[in-house]
Amino acid sequence: MSERRKPYPFDQIEPKWQAIWDERQLFHALNPGEGNFDPAKPKFYVLDMFPYPSGAGLHVGHPEGYTATDIVARYKRMRGFNVLHPMGWDAFGLPAEQYAIKTGQHPSITTRDNVAKFKSQLERIGFSYDWQREVNTTDPRYFKWTQWIFLKIYNSWFNPETNKAEPISTYRGDDPDSVRLAYIAEVPVNWCPELGTVLANEEVIDGKSEVGGFPVVRRPMRQWMLRITAFAERLIDELDGLDWPQSIKLLQRNWIGRSEGAEIDFAVAGVADSGAAVTDRGHKIRVFTTRPDTLYGGTYLVLAPEHSLVDLIVKKEQWPAMREYREKTARKSDLERTELSKEKTGVFSGAFAINPATNQKIPIWIADYVLIGYGTGAIGGVPAHDERDFEFAKKFDLPFVEVVQPSGGEPAMGFTGEGIAINSPIINGLSTREAKRKIIAWLEQRGQAKGAVNYKLRDWLFSRQRYWGEPFPVVWQDGHHRALDESELPIVPPPLDDYKPTGTGEPPLAKAKDWVRYSEKASRETNTMPQWAGSCWYYLRYCDPQNDQRFVGEEAERYWMGDSTAGIGLQNAERKSVAAGSIRNQPGGVDLYVGGTEHAVLHLLYARFWHKVLFDLGYLSKPEPFQRLVNQGIILGEDNQKMSKSRGNVISPDDVIESYGADAFRCYEMFMGPLEQMKPWSMRGVEGVARFLARVWRLMMSENQAGEWELSSKVKDIEPDKPQQKIMHATIKKVTGDIEALSFNTAIAQMMIFVNAFTNVETIPLSAMRTFLVLLNPFAPHLSSELWEKLNKQFGKSDGDITEQSWPDYDERVLVEDEVEIAVQVNGKVRDRVRLSISATEDEVKAAVLASPKIQQLTAGHTVAKVVVVPKKLVNIVVN
RNA sequence: GCCGAUGUGGCGAAAUGGCAGACGCAACGGACUUAAAAUCCGUUGGGCUUUAAACGGCCCGUGCCGGUUCGAGUCCGGCCAUCGGCACCA
């Protein structure tokens, strides 16, 4: 026997409809002011995280989120929304360049090929993207504006008084370069010799590069930084209003890492006290602590090895040990620092400080468990109530003083929680919270402390020593950087044959001597921007992708990124689902953004940061870019393992579509389980869903003698009967609510129930089929389009394609039953069922239930203590 | 170590505090077929039990232990396991 017969001719109808959609540009959204734009329509912006087009092509994980958003997009269009549903390419970055170096092909060529491959794969799935809005971060017409935004950032500063980014011209100080949001700093960076570039903290995992897994070492270099830390507070606070998963908000909060506490000054003990030769009079060491209430327990100070005061306070005889320790620390890579973290190290400086609470002399130590980049780079050691200080003090035999009494029975030694202050004259007996407040006030009065907030977040290391990225619109002259004028954009990278990293830390662009030479005196910046730059604002460009006057037109931005107007013709059940947090009526920005958790702190934080800068400068209408965020879960292989080439369990969408069709692929992706959940792939499951779609086909189509499909003679233009109407309206209700709630798996289950109910009936009512096809359309757009067209050819009387239909409403009255079955429980266990009229009163229900012979038998000899009636559902008789 | 998510049949999963397991997969039985595939119909959480057979009846069951409630997969407290994130951030 030849090839197995296809259950329905998806291989013919899918390309047919994709061609029709493309030809008619059915999914192209108009902007305000364009042609037939209808201002009465509310907007809905539904966005996917655009992919990095790798050489491997799509795997089944990509289209999971894409299918979900496509269903929502198609549904919203039918609901009368003007829907923005775009797609594009995040195509700059390390992997393309690594691949290019390996194969000798220029990254622009591999990128072009990969984009073409990705695009054709996506088109095969039948997504309703508006391809006229396609963007590509490597296109000069795109990165011109990436560079333009950089100029805006460079030419701004953060005004702490207004708590906003402002043009640098409002800065009144004498050194604007010291406050710019983009600045140059000599910082210890993550240098990856193998990749020949520095990496952001976020791109280093366990001391290895995220891309490639190569070792990363610490090394000081001059780099471009973006002052994201200025926005730390707003980035945390403004999470509150966003409709994001709690876990993602928490991830961002933890990453930003806000801590409230105090900065306390410790005076360095004078010459007379220490007997040292050098004078150290007047030096103060400022420490940051979240537990000022433990000040009385502070028995030593620690400075980070890089702390600037180290040189000034270390005693002569300690110098050799100190120098050795500092060098050893500097040489440690991140990996070593992490690995060696169990054993504390440090050296005594020979100097002492005065504890402002106890007035006692305490030793000053230098240790690398204190980080120069956090707080003040110095801490007060409280061995009795901090784990790290506990270990350190134990190792170096420093004194312990207990100052917090736990409220439970636990011992005070080593207790790090909140309790009652002891051995602390000023605050004895106070709770931790009150003790903090009081001791800060006491120190403040004497000018020795002030309340302070610290963030873990560091400024964003923004330069890379690579070829395949956006060049900076900056030149250097006489050792100073200077921004180029907007009119010079885009700055296009020079065509380089040898774009390999130099290995010295000098960027490949430096090899293009002619390009680097900007003028007699000035030369170009040769670093490039990191991959995140392009993805920081792509959602804005989609709003107005062809605009060559502005990064996004004002009107387009206001419309697509503004408030989505209230939905139209809401039914009660939908209002309920709105209240329960559905995808309607959000206060602005992208209305639904779907993507993976892996971007929880990188892309999503950077994009919010850029958005806020542009908002502050008056270029955007809302302070937050993504109003609602949903993370799709990872799809595992059939073996329940993460999909990977090495495990050989990768599923390609192409193969699935080849065997079962795009509609089956889409529906299975959604039927697997809840969108947000991690779940394993199953080819058997795909088959099951394909069978469902084939049943839909055969509901309306039958094979004639010649083996050709033709419209089934069972389909007739008659009214559905009562039970059919009931299931039809129940299906409208369920599918509508489930799409709003993104519960696509249960929506499909309901459609299966619908089809099962119409299988093997004598006549198939036309109207029920038409309604059903509209419901099915967002999930299986090709199949439903084809059947819709077949019905139209036979019966006429319907305008246009299925994609132009409006979403059906349901009638609650049809769903009302005359009679309901009521479960009868005795002491919480179901013992009987009775059928009763829907209108029966509570007393009538009670009477009917108690009259049931079965119940009488069960309750005989007992007294009925209570009867609980749940209307239309259940009665519980409590007996003793 | 800290933070978070998850835990329900052989499997993927359903279930506003109200009949646990919808829907699908797999398995088994039947119809159609020369036969198979496909399709259609039916059974399917575990155990016990009544009966000639059937209808039935009873008990147990949502990771474990406890609590709240007439009633708990769902709410509360405590554990266990798996996955994910952070990890000297003072």
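The analysis underlying the following values was restricted to heavy atoms, covering all of them including side chains, and did not include hydrogens, waters or symmetry mates. Order of the sequence lines fixes the chain letters, A, B, ..., with proteins taken first and strands second; residue numbering starts at 1 for each chain.
Comparing atom distances between the A:Arg833 side chain and each of B:C23, B:G85, B:C19 picks out B:C19 as nearest. For A:Arg684, taking side-chain heavy atoms from C-beta onward, the closest of the listed nucleotides B:G12, B:C23, B:A26 is B:A26. Of all nucleotides listed (B:G12, B:C19, B:A90), B:A90 comes nearest to the side chain of A:Val370. Proximity note for A:Arg695 (side chain, C-beta onward) versus B:C40, B:G12, B:C23: the nearest is B:C40.
Taking 4.0 angstrom as the limit, A:Lys829 places a side-chain polar atom (N or O) nearer than this to OP1 or OP2 of B:C60. Contact between the side-chain N/O atoms of A:Tyr374 and the OP1/OP2 oxygens of B:A90 is found at a separation under 4.0 Å. Regarding contacts with the backbone of B:C11, every side-chain N or O of A:Ser682 stays at 4.0 angstrom or more from both OP1 and OP2. Within the structure, every side-chain polar atom (N or O) of A:Arg691 is placed at least 4.0 Å from both OP1 and OP2 of B:A37. In terms of phosphate contacts, A:Asn760 brings no side-chain nitrogen or oxygen within less than 4.0 Å of OP1 or OP2 of B:U39. For A:Lys872 and B:G18, the shortest distance from a side-chain N or O to OP1 or OP2 is not below 4.0 Å. Taking only side-chain nitrogens and oxygens, A:Arg698 comes nearer than 4.0 Å to OP1 or OP2 of B:C40.
Rounded to whole Å, the distance from CD on A:Glu638 to P on B:A26 is 12 Å. Rounded to an integer number of Å, the gap from A:Phe390 CZ to B:C88 C1' is 16 Å. In this structure, A:Arg258 places its CZ atom 20 Å from C1' of B:C86, rounding to the nearest Å. In this structure, A:Phe288 atom CZ and B:C88 atom P are separated by 17 Å, rounded to whole Å. Between the P atom of B:A90 and the CG atom of A:Asp386 lies a distance of 9 Å, rounded to the nearest Å. Whole-Å rounding puts the A:Gln857 CD to B:G57 P distance at 11 Å. Computed from coordinates, the A:Lys249 NZ to B:C86 C1' distance equals 20 Å when rounded to whole Å. The OH atom of A:Tyr455 sits 13 Å away from the P atom of B:A90 (whole-angstrom rounding).
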Run the side chain to side chain contact (heavy atoms under 4.5 Å, CB included) check on A:Val845 and A:Val875 step by step: do they pass?
CA-CA 8 Å; A:Val845 172; A:Val875 175; 3.5 Å; yes
Working for salt bridge (Lys or Arg N to Asp or Glu O under 4.0 Å), residues A:Arg698 and A:Glu703
CA-CA 9 Å; A:Arg698 289 195 310 270; A:Glu703 257 175 310; over 6 Å; no
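Spacing between B:G12 and B:G63 at atom P, rounded to whole Å, works out to 14 Å. Distance noted for atom P between B:U51 and B:U62: 32 Å (whole Å). Across B:U8 and B:G21, the matching C1' atoms stand 8 Å from one another, rounded to whole Å. Between B:U6 and B:G17, the two P atoms lie 15 Å apart (nearest whole Å). Here the separation of B:C60 from B:C75, taken at their C1' atoms, is 24 Å to the nearest Å. Rounded to a whole angstrom, the distance from the C1' atom of B:A36 to that of B:C19 is 43 Å. Remark: the separation of the C1' atoms in B:A13 and B:A20 is 13 Å, to the nearest Å. With both ends at atom C1', the span from B:A37 to B:C23 equals 25 Å, rounded to whole Å.
Across all their heavy atoms, A:Ala694 and A:Pro7 have their closest contact at CB-CB, 3.7 Å. Counting all heavy atoms, side chain and backbone alike, A:Ala747 lies closest to A:Asp738 at N-OD2, 3.2 Å.
Residue-environment remark: NZ (A:Lys284) stays at or below the threshold of 12 foreign heavy atoms within 6.0 Å. Within 6.0 Å of CD on A:Glu387 lie no more than 12 heavy atoms contributed by other residues, nucleotides or ligands. Taking a 6.0 Å sphere around CZ of A:Arg835, one finds it holds more than 12 heavy atoms contributed by other residues, nucleotides or ligands. Heavy-atom neighbours of A:Gln857 CD from other residues, nucleotides or ligands within 6.0 Å: at or below the threshold of 12.
For A:Phe400 and A:Phe390, the ring centers sit closer than 6.0 Å to each other. Aromatic rings of A:Phe665 and A:Tyr660 (six-membered ring for Trp) have centroids beyond the 6.0 Å cut-off, not under it. Here A:Tyr668 and A:Trp681 bring their ring centres to under 6.0 angstrom of each other. The aromatic ring centres of A:Tyr300 and A:Phe392 sit less than 6.0 Å apart.
Base-pairing analysis of RNA chain B finds the following stems of at least three consecutive Watson-Crick or G-U pairs, with both pairing distances under 3.5 Å: B:1-7 with B:80-86, B:10-12 with B:23-25, B:27-31 with B:39-43, B:45-49 with B:56-60, B:63-67 with B:75-79.
For the pair A:Lys456 and A:Gln750, nearest-nucleotide mapping onto RNA chain B gives the more 5' position to A:Gln750. Checking A:Asn640 against A:Ser743, the closest nucleotide of RNA chain B that is more toward the 5' end is the one next to A:Asn640.
At a cut-off of 3.5 Å, with distance as the only test, no side-chain donor of A:Glu669 or A:Thr67 sits close to an acceptor on the other residue.
When heavy atoms are screened at a 4.0 angstrom cut-off, A:Arg831 is found touching the sugar-phosphate backbone but no base atom. At a threshold of 4.0 angstrom between heavy atoms, the contacts of A:Lys873 include nucleobase atoms, whether or not backbone atoms are also involved. A:Gly257 comes within contact range of no nucleotide atom at all, as no heavy-atom separation falls under 4.0 Å. Within 4.0 Å of A:Thr597, counting heavy atoms only, lies no atom of the nucleic acid at all. Using a 4.0 Å heavy-atom distance criterion, A:Asn745 is classed as a sugar-phosphate-only contact. Counting non-hydrogen atoms under 4.0 angstrom, A:Lys854 reaches the backbone sugars and phosphates but no base. Nucleic acid contact for A:Met751: none, since no nucleic acid atom lies under 4.0 Å from a heavy atom of the residue. Heavy atoms of A:Val830 sit under 4.0 angstrom from primed sugar atoms or phosphate atoms, though from no base atom.
Judged purely by atom type and a 3.5 angstrom limit, A:Asn745 has no side-chain atom pairing as donor or acceptor with the backbone of A:Met670. Without hydrogens or angle criteria, A:Arg326 side chain to A:Pro305 main chain gives a donor-acceptor distance under 3.5 Å. Side-chain atoms of A:Asp389 come within 3.5 Å of backbone N or O of A:Val382 as a donor-acceptor pair.
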How does protein reach along nucleotides 66-80 of chain B, written 5' to 3' as B (base within reach of a heavy atom under 4.0 Å), S (only sugar-phosphate), or - (no contact)?
----BS---------
Along nucleotides 1-10 of chain B, 5' to 3', which nucleotides get a B, which get an S, and which get a -, given that the test is a protein heavy-atom distance under 4.0 Å?
--SS------
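B:G9 shows a glycosidic angle within 90° of 0 and is accordingly assigned syn.
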